[in-house]
Amino acid sequence: MGSNPATPTEHALDVPPEPLSANEEHTHVKSTVENLSPTRVRLAVEVPFDDLKPSLDTAYKAIAQQVRVPGFRPGKVPTRIIDQRVGRGTVLQEAVNDALPRLYGEAAREHELQVLGQPEITDITSAEEIVDGSVWHFTAEVDVRPEITLPELDGIELKVEDAEVSDTDVEEQLDELRERFGTLKGVERAAAEGDYVSLDLSTTVGGEEIEAGSTKGLSYVVGSGDLVDGLDDAITGKSAGETAVFTTTLQQGDHAGDEAEVSATVKSVKTKELPDVDDEFAQLASEFDTIDELKDDIRTRLGRVRVMEQGAQARDHLLEHLIESVEFPLPESALKQEIEYREHEIVHSLGHDDSLFERYLESQGKTREEFDTEMRESAEKSVRAQFLLDAIADKEEVQIGDAELTEYLVRQAARYQMPPQEFANQIVQNGNLPMLVADIRRNKALASVLQTASVTDASGNAVDLAATVDDGREMVMEGDDAEVDGDLD
């Protein structure tokens, strides 16, 4: 135990106040609340010294276990000796650090505040000022949930696309299936777009060969543009045995941004031959005997996909409608947290490489200012959706049962290709279970509103979403498309 313990930290108060347990004693805390804005308040809290006593006793016990005083066993050092050796102020500071989260939570509950994130603690009485019988105080500024007046939620009218499957849709699926069963055949001609070539590549920077940019027997589709800038133009028109040499700017790796010379030798040229669309192909590619049966099956499967797409469209349109229908202020801390999370995800995916991020912006055709603006708009939409769905869940008294939570965990574990128990353990260990439950609750709230909506397709036909909505279990929204993931607590 050092002589200068840390002052109270914000992270100690990161968890929202919990309700008092049945056997937890109320203190004599006096507090007032001041509204600084529609989404931020200041709590002024006064605490009689007697209410610090339990934390003071705890501090003495903790310090007694750590100090070593000749003649006393660990944990048996009298308080007066601790005061002499460690200092009364140090003990009081420990007591304050221990009591502060509890007393802040009690004050927040007293005023029925729905707090968000960490409070900013100020004006706290120093340990030197605390004496027996005195009153110590602190103030806490914290963001709170905005008040939301919900619109009428029953019978909202929504439009979705028709769930039709065209002959072109079926043909496109057949073409993809034919691609899977196509065979490569060598040709005695120059390489053209769409051909499959085998390449030997050698890349040099400043006259030195780069191992990462050199290989032999690489299979490449001419025109795919997914390897090295300039390669497609260089090898188009080259026959087997011919070599093309060109310069390019490397986009990845240790030499990203460097100019390199690439030598590409075409070893072979092949074209893919697709099977004819006939009964023989149907038997090869499916369990059906005739091509008509295969086409009918494709049409049926696509029909089911279109119906599911109608459900997704209705969900997205409903969320957009709700966001546009309700105006309320957003707490800046919640918005900042969402923006930081999204930025971290992008930077992390790019390996924290600033040059890659710059190229990412170039590929998107955006400036940094445009990126930041779009990021903020997207984050604001997401946070607004979260608050709205929380308000709906509160109004509808949505509850999440153990069976629903387990079902979601199993489904998510499969998505990440992990054993369900291992996935659940990681969720708990990382402290993400409350966030997970909040997401499920929001999705279930949106599903409950969707069940009462009036949905029609582009042709004016009523759409029954019963097949795509099952008490929210099929409404689990993942990723940025749904714009409702995340946690506000």
Side-chain angles (χ1 to χ4, degrees), residues 1-21 24-67 79-80 82-145 331-334 336-337 431 488-489:
M1 174 68 64
S3 58
N4 295 310
T7 55
T9 56
E10 291 184 359
H11 70 263
L13 305 175
D14 197 21
V15 178
E18 296 290 339
L20 288 173
S21 60
E24 186 176 355
E25 294 184 1
H26 286 271
T27 63
H28 300 90
V29 172
K30 294 181 180 179
S31 62
T32 59
V33 62
E34 176 187 357
N35 293 321
L36 302 178
S37 76
T39 61
R40 192 167 179 84
V41 299
R42 177 187 290 128
L43 275 170
V45 183
E46 293 185 354
V47 185
F49 182 84
D50 288 345
D51 285 336
L52 190 61
K53 185 84 166 53
S55 294
L56 191 61
D57 293 341
T58 299
Y60 272 119
K61 290 179 182 178
I63 295 174
Q65 291 289 342
Q66 299 178 49
V67 297
T79 57
R80 61 182 178 80
I82 292 176
D83 286 346
Q84 293 172 2
R85 290 297 185 95
V86 179
R88 173 76 165 177
T90 296
V91 182
L92 283 168
Q93 190 66 73
E94 288 288 326
V96 168
N97 286 348
D98 176 75
L100 193 55
R102 171 175 57 85
L103 297 171
Y104 156 74
E106 183 174 331
R109 286 191 297 269
E110 177 187 354
H111 296 282
E112 298 181 346
L113 299 177
Q114 291 184 296
V115 300
L116 297 169
Q118 305 173 16
E120 180 183 346
I121 304 298
T122 59
D123 299 331
I124 185 169
T125 305
S126 67
E128 291 76 13
E129 298 176 285
I130 301 175
V131 296
D132 291 0
S134 67
V135 174
W136 67 284
H137 58 80
F138 65 90
T139 61
E141 289 189 16
V142 65
D143 282 342
V144 294
R145 290 180 176 273
E332 187 60 31
S333 63
K336 180 181 178 182
Q337 180 180 342
L488 298 170
D489 292 327

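Just so it is clear, the structure is predicted and the values come from calculations on it, not from any experiment. These numbers come from the heavy atoms of this one structure, side chains and all, not from hydrogens, waters or symmetry mates.
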Derivation of the side-chain contact (heavy atoms from CB on, under 4.5 Å) call for Leu43 and Phe138: CA-CA 8 Å; Leu43 275 170; Phe138 65 90; over 6 Å; no

Show the numbers, then the answer: is there a side-chain hydrogen bond (donor to acceptor under 3.5 Å, both in side chains) between Asp143 and Ser333? CA-CA 7 Å; Asp143 282 342; Ser333 63; 2.3 Å; yes

For the pair Val47 and His137, evaluate side-chain contact (heavy atoms from CB on, under 4.5 Å) and give the outcome as yes or no after the intermediate values. CA-CA 6 Å; Val47 185; His137 58 80; over 6 Å; no

Salt bridge (Lys or Arg N to Asp or Glu O under 4.0 Å), that's the test. Do Asp57 and Lys53 meet it? Break it down for me. CA-CA 6 Å; Asp57 293 341; Lys53 185 84 166 53; 3.1 Å; yes

Test side-chain contact (heavy atoms from CB on, under 4.5 Å) on Thr139 and Ile124; report intermediate values, then the result. CA-CA 7 Å; Thr139 61; Ile124 185 169; over 6 Å; no

Between Val135 and Glu46, does the side-chain contact (heavy atoms from CB on, under 4.5 Å) criterion hold? Intermediate values first, please. CA-CA 7 Å; Val135 174; Glu46 293 185 354; 3.9 Å; yes

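A distance of 11.0 Å separates CD1 in Ile63 from OG1 in Thr58, rounded to the nearest 0.5 Å. Note that the OG atom of Ser37 and the CD atom of Glu332 stand 10.5 Å from one another [nearest 0.5 Å]. Taken from CD in Glu141 to CD in Glu34, the straight-line distance is 8.5 Å, to the nearest 0.5 Å. With values rounded to the nearest 0.5 angstrom, Thr32 atom OG1 is found 6.5 Å from His111 atom NE2.
With salt bridges taken as basic N to acidic carboxylate O contacts below 4.0 Å, one links Arg40 and Glu120.
Side-chain contact check for Val91 versus Leu56: some heavy-atom pair is nearer than 4.5 Å. Looking at Thr90 and Ile82, their side chains never come closer than 4.5 Å, going by heavy atoms from C-beta outward. Residues Asp51 and Trp136 are not in side-chain contact: their nearest non-hydrogen atoms beyond the backbone lie 4.5 Å or more apart. Residues Val144 and Leu116 fail the side-chain proximity criterion, which asks for heavy atoms closer than 4.5 Å. Side-chain contact between Lys30 and Glu110 is absent, with no heavy atoms from C-beta onward closer than 4.5 Å.
In terms of heavy atoms, Pro331 sits closest to Thr39 at CA-OG1, 3.7 Å. Taking each heavy atom of Ala95 and Ser55 in turn, the nearest pair found is O-CB, 3.4 Å.
In terms of the ring-ring contact (aromatic ring centres under 6.0 Å, His included) criterion, Tyr60 has no residue partners (sequence neighbours excluded).
Considering Val142, Leu36, Val115 as possible partners of Val41, the one that fulfils the side-chain contact (heavy atoms from CB on, under 4.5 Å) test is Val142.
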